[in-house]
Amino acid sequence: MDNLIDFQALVNSAAAAKEKAHCPYSNFRVGAAVLTEDKKIFGGCNVENASYGVGICAERTAIVKAVSEGHKKIIACAVSTDMDEIIAPCGMCRQALREFGPGMTIACANKDGKYQTFTMDELLPKSFGPEHLGK
Ligand code: THU
């Protein structure tokens, strides 16, 4: 399955989404892109707010864009930052992603576009999901 996924294209979409980041408080730009089962890509960036807690991460922006357009099955995600090191999604975003793709692969890219892939199970072992609620 994973070998059918164009991670490079997804990383490129995440990097493009990063250009739209609204992060005047942290100056930490993040872009994300999710790939849905029906092969659509939705990008998103972090959108901060003067009322700090209102901000949203790039991954959740991308998820909300996909789901609100009717695409609920996510098979892969890419995240791009401006850091030298490879940054993986925050805990809240791991849980948010998990809801729509327990089997997904996540590609995490540094500022140069070098990326590493992780399975959801690696990032969020023994995770909680809808099936635990009988859904
Ligand atoms: N951020 C993300 O967009 N995704 C993550 O996984 C980690 C953090 C954002 C939130 C905030 O706008 C900035 O990065 C600094 O925490």
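Just so you know, these numbers come straight off a predicted model, no measurement behind them. Just follow the structure's listing: the first ligand is 1, and inside any ligand the first atom is 1.
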Inset, instruction - Please report which non-hydrogen protein atom sits nearest to atom 14 (O) of ligand 1, along with the residue it belongs to and the distance in Å to one decimal place. - result: F28 CD2, 3.4 Å

Legend entry - Main-chain N/O of D112 paired to N110 side chain as donor or acceptor, under 3.5 Å: yes

Legend entry - Crowding at NZ, K20 (>12 non-hydrogen neighbours, <6.0 Å): no

Inset, instruction - Using protein heavy atoms only, decide if any is under 4.0 Å from atom 16 (O) of ligand 1. - result: no

Inset, instruction - Answer with yes or no whether the hydrophobic clustering places M120 together with L10; edges join I, L, V, M, F, W, Y residues whose side-chain heavy atoms lie under 4.5 Å apart. - result: no

Inset, instruction - Answer yes or no: is there a donor N or O on one side and an acceptor on the other, between the side chain of E48 and the main chain of V54, under 3.5 Å? - result: no

Inset, instruction - May I ask you to identify the nearest protein heavy atom to atom 9 (C) of ligand 1, giving residue, atom name and distance to one decimal place in Å? - result: N46 ND2, 3.6 Å

Inset, instruction - Starting from atom 3 (O) of ligand 1, locate the nearest protein heavy atom and write down its residue, its atom name and how far away it is, to 0.1 Å. - result: A58 N, 2.9 Å

Inset, instruction - Heavy-atom contacts with E59 under 4.0 Å: which atoms of ligand 1 show up? List them by number with element. - result: 2 (C), 3 (O), 4 (N), 5 (C), 6 (O)

Legend entry - N or O contact, C57 vs ligand 1, cut-off under 3.5 Å: no

Legend entry - Shortest non-hydrogen contact between T81 and E85, atoms and distance: OG1-O, 4.4 Å

Legend entry - Residue, atom name and distance, where the atom is the protein heavy atom closest to atom 12 (O) of ligand 1: E48 OE2, 2.5 Å

Inset, instruction - Ignoring angles and geometry beyond distance, decide whether C90 reaches within less than 3.5 Å of ligand 1 through its nitrogen or oxygen atoms. - result: yes

Legend entry - Under 4.0 Å to a heavy atom of P89 - the qualifying atoms of ligand 1, by number: 6 (O)

